[in-house]
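Worksheet for the structure shown next.
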Protein chains: 2
Amino acid sequence: MSAADPSVKLSAPRKTKGALPAARPDQIMDIAARQFRARGYAAVSLRDIATEAGMRTPSLYYHFPSKDDLVIAVMNRGIAVVREAVTEALAALPPDAEPFAKLETAMRVHLRALHGLSDYTSANVRIFGQLPEELRRANLPERRAYQEIWADLLSATCPDNLEMLAIRVPFVIGALNATLEWFDPDRGDLDVLADQVGRVLLAGLKEREDR
Amino acid sequence: MSAADPSVKLSAPRKTKGALPAARPDQIMDIAARQFRARGYAAVSLRDIATEAGMRTPSLYYHFPSKDDLVIAVMNRGIAVVREAVTEALAALPPDAEPFAKLETAMRVHLRALHGLSDYTSANVRIFGQLPEELRRANLPERRAYQEIWADLLSATCPDNLEMLAIRVPFVIGALNATLEWFDPDRGDLDVLADQVGRVLLAGLKEREDR
DNA sequence: TCGCCTAACTAACGATAGATAGAATGTCAT
DNA sequence: ATGACATTCTATCTATCGTTAGTTAGGCGA
């Protein structure tokens, strides 16, 4: 394939100190995230990751104490990335932006994180349901922190109705995440997707009890 | 645990011919579906299935030629079950039912199939993304046939707009399926879920271009 | 120059997976 | 009673997994 001829030894430690061409652990995480995203959790072995990184499997253990630790690191970064992106985008809005304008922005950024911006976020969404329960639990704090952002945003759509909010938060995030399973940004326009999905969800959330 | 002490030999073939207490292959598929639903694809081994069925692993090979074949059978039944349920429910509606009444019915039945009615359907949704591509491909014909029902239903929400329809069909199905990952029918009321989800989606789909 | 740190290597282990071969068991029609 | 069939068994194989142990080689500070 493209990478990794193990007979060619990578010549020793890094010379560059200030240039930092992506630290090795980061590079390994990049590869892991891309493979998890493409092929799922169980289908990706440490051998696969090591091969693409140009090293032997046990060498990975110098950078990560176990496969679980590597996976947890990738998963947590996946949520951190999208949370920071959404937070920044919301902060860039005018302070008096309407609740539904904020919602639309958050949806667009979330979709962009899933489809192209971050292999980490898409890997997280893709493999979360495949992980043994222990690993899933390790990702829950990050997920809950991210959900709080959406709870803030969505509370404007159903004020004083916590039961409705408790359903709408995971429903909206889940509906957005589900696009990962069928939408291919290489074959369709991501902006069109965001327009269509945003329109349906925003209109649906805007609808008042009385119609 | 509850089932299967292999030292107690199950006494030979079935006597009952007309009574049919669920044919053995069906019983095995039931167990497989339940386990796949609960723990995902990779986490369920043939040993696990055999144990719960009260037999040794190789005995499974008398009924199914391989694990792949068993999985494919479970997956296909998962779609078949929900498709038949939706088809029947739609047929039971008055012939002059409005398009959005049909849509709401389909959504309710689909949610019910996911949460309780059928381990096959929930197993399908749960593990589809975990399967190697070859197995996923084997389930595509069933899935496409089921999607056609929804294409019919949803075409009323965006007449003469095939691009929009091509997005709305997988989006709606995906949004419904995603509830499997966060909604627990033991802790929440399924009817409440259907009310809330149905309201948002139906209102969103009803919204006209001009607002 | 010496010794430590970094970063990789080779070799191997134990566990578990799906799968196969062939023997054994019980039922039933003849 | 017997032979055919259906069903499950035991025993074993091969492949692959994550992981550990111990080793090697280069760069850098004292």
Side-chain angles (χ1 to χ4, degrees), chain A residues 3-28 31-32 35-36 39-72 74 130-132 134-135, chain B residues 3-28 31-32 35-36 39-72 74 130-132 134-135:
Chain A
D5 177 0
S7 65
V8 177
K9 308 243 167 102
L10 307 184
S11 54
R14 206 138 319 283
K15 261 184 226 233
T16 52
K17 234 181 238 166
L20 53 135
R24 212 76 223 266
D26 280 344
Q27 182 195 346
I28 292 169
I31 292 169
Q35 295 204 12
F36 284 141
R39 290 157 41 222
Y41 174 66
V44 174
S45 66
L46 291 184
R47 277 164 177 76
D48 297 328
I49 297 170
T51 298
E52 191 177 332
M55 55 171 65
R56 305 292 189 173
T57 313
S59 303
L60 290 175
Y61 283 82
Y62 177 78
H63 303 284
F64 295 93
S66 72
K67 186 187 185 185
D68 286 359
D69 287 82
L70 170 58
V71 172
I72 290 174
V74 169
Q130 310 180 17
L131 300 181
E134 180 206 352
L135 295 185
Chain B
D5 177 359
S7 64
V8 177
K9 308 243 168 106
L10 306 184
S11 54
R14 207 137 319 283
K15 260 186 228 255
T16 51
K17 233 182 243 168
L20 53 136
R24 212 74 224 264
D26 281 343
Q27 183 196 345
I28 292 169
I31 293 168
Q35 295 205 12
F36 284 141
R39 289 158 42 224
Y41 174 66
V44 174
S45 67
L46 291 184
R47 276 166 177 76
D48 296 328
I49 297 170
T51 298
E52 190 177 334
M55 55 171 63
R56 307 289 190 174
T57 312
S59 304
L60 290 175
Y61 284 81
Y62 177 78
H63 303 283
F64 295 92
S66 73
K67 187 188 185 185
D68 286 359
D69 287 83
L70 170 58
V71 172
I72 290 173
V74 169
Q130 310 182 17
L131 300 181
E134 178 205 353
L135 294 185

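The structure displayed is predicted, hence computed values, not measured ones. Letters A, B, ... are given to chains in the order of the sequence lines, protein chains preceding strands, and every chain is numbered from 1.
- A donor-acceptor pair is defined here as one N or O able to donate and one able to accept, closer than 3.5 Å; no such pair exists between the side chain of B/Gln35 and the backbone of B/Val44.
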**Report entry** Intermediate values then yes/no, side-chain hydrogen bond (donor to acceptor under 3.5 Å, both in side chains), A/Asp48 and A/Ser45
**Finding:** CA-CA 5 Å; A/Asp48 297 328; A/Ser45 66; 3.2 Å; yes

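- Nearest-nucleotide assignment on DNA chain D puts the 5′-proximal partner with A/Asp48, out of A/Asp48 and A/Pro65.
- B/Met55 places its CE atom 13 Å from the P atom of D/dT10, with the value rounded to the nearest Å.
- Distance CG (A/Asp68) to P (D/dG18): 10 Å, rounded to an integer number of Å.
- One can place CD of A/Gln27 at 13 Å from C1' of C/dA7, the figure rounded to the nearest angstrom.
- Figure legend: B/Lys67 and B/Phe36 shown without cation-pi pairing, the cationic atom not lying both under 6.0 angstrom from the six-membered ring centre and within 45 degrees of its axis.
- In this model, a donor atom of one side chain and an acceptor atom of the other lie less than 3.5 Å apart for B/Asp69 and B/Ser66.
- A/Ser59 comes within 4.0 angstrom of a nucleotide base, judged by non-hydrogen atoms across all strands.
- Between A/Arg24 and C/dT6 there is no side-chain polar atom (N or O) within less than 4.0 angstrom of OP1 or OP2.
- Minimum interatomic distance between B/Ile49 and B/Ala32 (heavy atoms only, all atoms of both residues): CD1-CB, 3.8 Å.
- Distances from the side chain of B/Tyr61 to the nucleotides D/dG18, D/dA11, C/dG18 place C/dG18 closest.
- With C/dA17, D/dA21, D/dG18 as the candidates, the nucleotide lying closest to the side chain of A/Lys67 is D/dG18.
- For A/Arg56, taking side-chain heavy atoms from C-beta onward, the closest of the listed nucleotides C/dC9, C/dG18, D/dC9 is C/dC9.
- Contacts of B/Thr57 with the nucleic acid, taken as non-hydrogen atoms under 4.0 Å apart, are absent.
- For B/Pro58, whose side chain is taken as the heavy atoms from C-beta onward, the closest listed nucleotide among C/dC9, C/dA17, C/dA19 is C/dA19.
- Following rounding to the nearest Å, A/Leu60 (CG) and D/dT20 (C1') show an atom-to-atom distance of 14 Å.
- Rounded to whole angstrom, the span from the CG atom of A/Leu70 across to the P atom of D/dT19 amounts to 10 Å.
- Between A/Tyr62 and C/dA8, a side-chain N or O to OP1/OP2 separation shorter than 4.0 Å is absent.
- Contact annotation: B/His63 side-chain N/O to D/dA6 OP1/OP2 distance is not under 4.0 Å.
- Looking at the side chain of A/Leu46, the nearest of the listed nucleotides C/dC9, C/dA17, D/dG18 is D/dG18.
- Of the candidate nucleotides D/dA11, D/dT20, C/dA17, C/dA17 has the atom nearest to the side chain of B/Arg47.
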